[in-house]
Structures are given as structure tokens and as C-alpha cells.
2 protein chains.
Amino acid sequence: MSEPRTHTPSDFVQAAFDIVDAQGLTSLTMRALGDRMGVDATAIYRHFPNKESLLDAMLDFILGEAANLEPTGATPRDRILSVAANVRAAMRRHPNLAGAFAQATGDFANGLTISRRMIAELRALGLTGEHLVRMYQSFEGYILGSSVFDTGGYPETFTIRQARYRYLNEPEFDEVARTAGDVERVTGEAYVLAISTLVDTCEELAKL
Amino acid sequence: MSEPRTHTPSDFVQAAFDIVDAQGLTSLTMRALGDRMGVDATAIYRHFPNKESLLDAMLDFILGEAANLEPTGATPRDRILSVAANVRAAMRRHPNLAGAFAQATGDFANGLTISRRMIAELRALGLTGEHLVRMYQSFEGYILGSSVFDTGGYPETFTIRQARYRYLNEPEFDEVARTAGDVERVTGEAYVLAISTLVDTCEELAKL
DNA sequence: ACCTGAACACCGTTCAAGT
DNA sequence: ACCTGAACACCGTTCAAGT
């Protein structure tokens, strides 16, 4: 018999995204995924040793969506901002999965690609030695951490943040909290501002 | 009969920390928590409507460990660094739970306390209006995001990061990757450096 | 080579019943 | 007022059996 392989691991990953993006992470069960693929739940174990490795494949796919985009811009600063924007946009497309990055322990091939790209830009800015490693780590923490927090659970996240702004009883925050869209806009501006600030620091450290 | 209440919600939170800190988040089941408290699993529902609200209470407790510490330092910069260090240290004490912040949707009373404290320091630096909101958001994203990534899954996280540093094939990273402790040190330095850098930006924005 | 389906050892949660 | 315990509707995963 030996049928030609009808399903690839990537088929399961795509179907899993369909479920998670539309119904949330808790709706992704092996049985639900099997149903969507027209296959028994236990058939998935031909392709992934367990559910965790399926999730890791999904997270690596998200990073791949960022890693496969060539960063745009004529200067290291612009290319760093471009990488940062691409990571954020990729997570933003899968808000129900972004939070899973914080739990993941696997190492991601596409994460390495992004890391190498960032390091190349930091070298282009003139950084070496411990300055290079330290600034790389600052960027990684900010880009990943902030993106996960800002994109996870979108759009509810911004409604929640809007409510929190109101509780603060600070006139400036009241103003921003008029719509969840305002909160999202200022959060996006804060992201770009902080990355740009970190690039400033790179330039100063390179002069030493 | 009407026994005096033998258990408070906070008793369950403490017992839940015992389980999570020692055995990991997946070991925290309602049955396991009931066993540890010498009570049927379903008795927990007298105190918490569901498991998610128990987890929210645990996360708020972690933030409380940071919020209850008066920030030290004579300048806004030092007090901001102190707040940031306290948040990180509090998460660091519960590495198996840190990642859950990225999934949480609740709003946390102790989070508000920390927010108010940060805003007071940003005002002391001379920030108002959109600058204030934007910088606040940059700090929040960096402090929370970075702390979650750096403390979640400790100490395994740093072993994983060490392995990734080796894969990068960059001499500077090789050097840092000699021990997981070196990676942890440089990550901590990067955290302080980035916060300090953001304070620099506040000072510049205040001059405009 | 790949898939099926019964089965196992769990989950969170509800609800009637106890004291 | 608080706790018990049976029960329900699920989970992820294993493994012998099918084709």
C-alpha cells in the first residue's frame, strides 16, 4: 500500500493556527486539530512527539514570518527599527499565541536568524566586546518582551489597559484612554521611541 | 455548628506557591492544592470562582512583593532603577509563574500601585503630556517584558540562552557563554543599562 | 508507512448532600 | 457556613490493531 504522505508537519501547524487564531489557545486540543485535518487525534503523534513540540513549531513559524523579511533602511538605526517592527507585526498577527513565547523553553531556528541580523547591525554601529553583548541583550529583552505584552490578547489587551489608565486618575492618561485605539497608538510610539533610544546608547558606547 | 473560618483565600495562595515553586506550574491542579490544604479539591471554589482567578491572585501577590517595598535612592533615576529592580527580584523568586504574566488578562491592584509610583518619578523628571504617557509605556513594556523573559524558567532559561550564544558563532558571545552565570550577569547589566538609558531620554524630553 | 480506536490516567467544574 | 464526594465532560498520550 504505502500511500504517499498526505500530511506534512507544516499542514498540522497551519491548521493549528486556524484554530488558535479563530478560537483561542485553549481551543487547540489534539482532538480538535485531528478533526480539522480529518484525521484521528492520535495520528498527530506521527509528526510531533507531543503537544509542546507542536506549539514550539508554531512559535518558530511566527519568528519565521519576521526572519523572512529583509530589513529595510539605509542606516543601522533604520534596519534595527525595521527588524523590531517585523517581530512585533508577526506576533500581532497571532495574538492568541504571543503569550506562549513567555512559557516556551525550546530554541528557535528563526530566532537565531534574527539574532544574527541584530548583531550584524550592532557591529555596524561600532560595538564590540561586552558592550556588544550587553546592548544585544537589551534589545532582545525589549523587542521580545514588549511585543509579547503588547500583542498578546489583542484587541482585549488595549481595552484592559484603557481601563487601567482611567483608574490612574492622571489627566494625561485620561486623555489617552478615550479609546482603546489611542492606547494602542501611544504604545506603538513608545516601542519605536525606546528602540531608538537604545540605538542612541549604542552610538555613545561606540565612541568610548 | 458554624465553625470559625479555617482557611482564607490567602492560605490557598500560599499553598499554591509552595506547589508551583517546588514542582512547576503544571503540578498546580485543584486536586493537588486541595490535598496540600487537607481539603477536598472542590472546597477551593468557596474562595475562588475558578482556577484562573486563583492564578490572578498569585500574580497580584508577586506584584505586591515589589509594591510593598519603598523604592530607595535620592534621585528619580535611582528610585526608578529601584522600582525596576524590585519587580525583577519579585518575579525571580517565582520563576515557574513569571511566564503566566504574559497570559493574564486581569488587572492587578498592586500593579496600579507600581504604576502610580513610576508616574510620580516621571513627573519629578519634568515629563508631562504625551511625553509622560509614552515614556511610562516604554518603561512598563521593558520592565515587565524583560523581567518575565529573564526570570521565567530560571535557572534553565540561562542554560538555554548560553547554548544559543554558542550557536551564534560570535567571539564576544562565546566568551560570555562560558557559564550560565556569565549569561545571567550580562543580562542583569543589560536590564540596568536599558532602564538608565530610558531615564536619559526622559531628561532630554523634559528639556524640550 | 501511516492511521484508527479503545483505553488510561488524568483535568476543571457542578451540584446535591452532609454537618 | 463550609466541606464532601460522586459525577460530567473533557484532556494528552499509549499501544495494539488495522490497511
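Since this is a predicted model, take the numbers as computed values, not measurements. Per chain, numbering begins at 1; letters A, B, ... match sequence-line order.
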Checklist outcome for this item: Atom CG of A:Leu25 and atom C1' of D:dC11 are separated, to the nearest Å, by 14 Å
Item to check | Rounded distance in Å - CG (B:Asp35) to P (D:dG5) | outcome: 12 Å
Checklist entry - Hey, are A:Glu121 and A:Arg116 close enough for a salt bridge, meaning a charged N less than 4.0 Å from a carboxylate O? => result no
Checklist outcome for this item: To the nearest angstrom, the CZ-P distance between B:Arg31 and D:dA6 comes to 12 Å
Checklist entry - Hey, does A:Leu28 reach any base, or is it just sugar-phosphate, or nothing, if we go heavy atoms under 4.0 Å? => result sugar-phosphate
Item to check | Distance-only donor-acceptor check, side chains A:Tyr154 and A:Arg92, under 3.5 Å | outcome: yes
Checklist entry - In whole Å, what is the span from the OH atom of B:Tyr45 to the P atom of D:dA6? => result 18 Å
Next on the checklist: For a side-chain contact (heavy atoms from CB on, under 4.5 Å) check, start with the C-alpha distance between B:Met91 and B:Leu97, then their side-chain angles and the critical distance, and finish with the verdict.
Outcome noted: CA-CA 8 Å; B:Met91 289 199 195; B:Leu97 206 59; over 6 Å; no
Checklist entry - Which residue, A:Thr26 or B:Gly38, contacts DNA chain D at a nucleotide closer to its 5' end, judged by nearest heavy atom? => result B:Gly38
Item to check | B:Arg166 charged N/C atom sitting above B:Phe173 aromatic ring, 6.0 Å / 45° | outcome: no
Checklist entry - Do side-chain atoms of B:Ser82 reach the backbone of B:Asp78 as a donor and acceptor pair under 3.5 angstrom? => result no
Next on the checklist: What is the separation between atom CG on B:Asn50 and atom C1' on C:dT13, rounded to the nearest whole Å?
Outcome noted: 9 Å
Item to check | Spacing between A:Ile44 atom CD1 and D:dT13 atom P, to the nearest angstrom | outcome: 10 Å
Checklist outcome for this item: Testing C:dT14, D:dG12, C:dT4 for proximity to the side chain of A:Met30, the answer is D:dG12
Item to check | No-H, no-angle donor-acceptor pair, A:Thr42 side chain to D:dG12 base, under 3.5 Å | outcome: no
Next on the checklist: Expressed as a whole number of angstroms, how long is the span from A:Lys51:NZ to D:dC11:P?
Outcome noted: 9 Å
Checklist outcome for this item: Stems with DNA chain C, 3 or more Watson-Crick or G-U pairs in a row (under 3.5 Å), are C:4-8 with D:12-16, C:12-16 with D:4-8
Next on the checklist: So if I take every side-chain heavy atom of A:Asp40 and compare against D:dT4, C:dT4, D:dG12, which nucleotide ends up nearest?
Outcome noted: C:dT4
Item to check | Donor-acceptor side-chain pairing of A:Arg123 and A:Thr128 below 3.5 angstrom | outcome: no
Next on the checklist: Could you walk me through whether A:Tyr142 and A:Tyr191 satisfy the ring pair (Phe, Tyr, Trp, His ring centres under 6.0 Å) test, starting with their C-alpha distance in whole Å, then the side-chain angles of each, then the deciding distance to 0.1 Å, before giving a yes or no?
Outcome noted: CA-CA 9 Å; A:Tyr142 189 73; A:Tyr191 183 70; 5.7 Å; yes
Checklist entry - So which one's nearest nucleotide on DNA chain C is more toward 5', B:Arg46 or B:Thr29? => result B:Thr29
Checklist entry - Within this structure, what is the NE2-to-C1' distance between B:His47 and D:dA1, rounded to whole angstrom? => result 10 Å
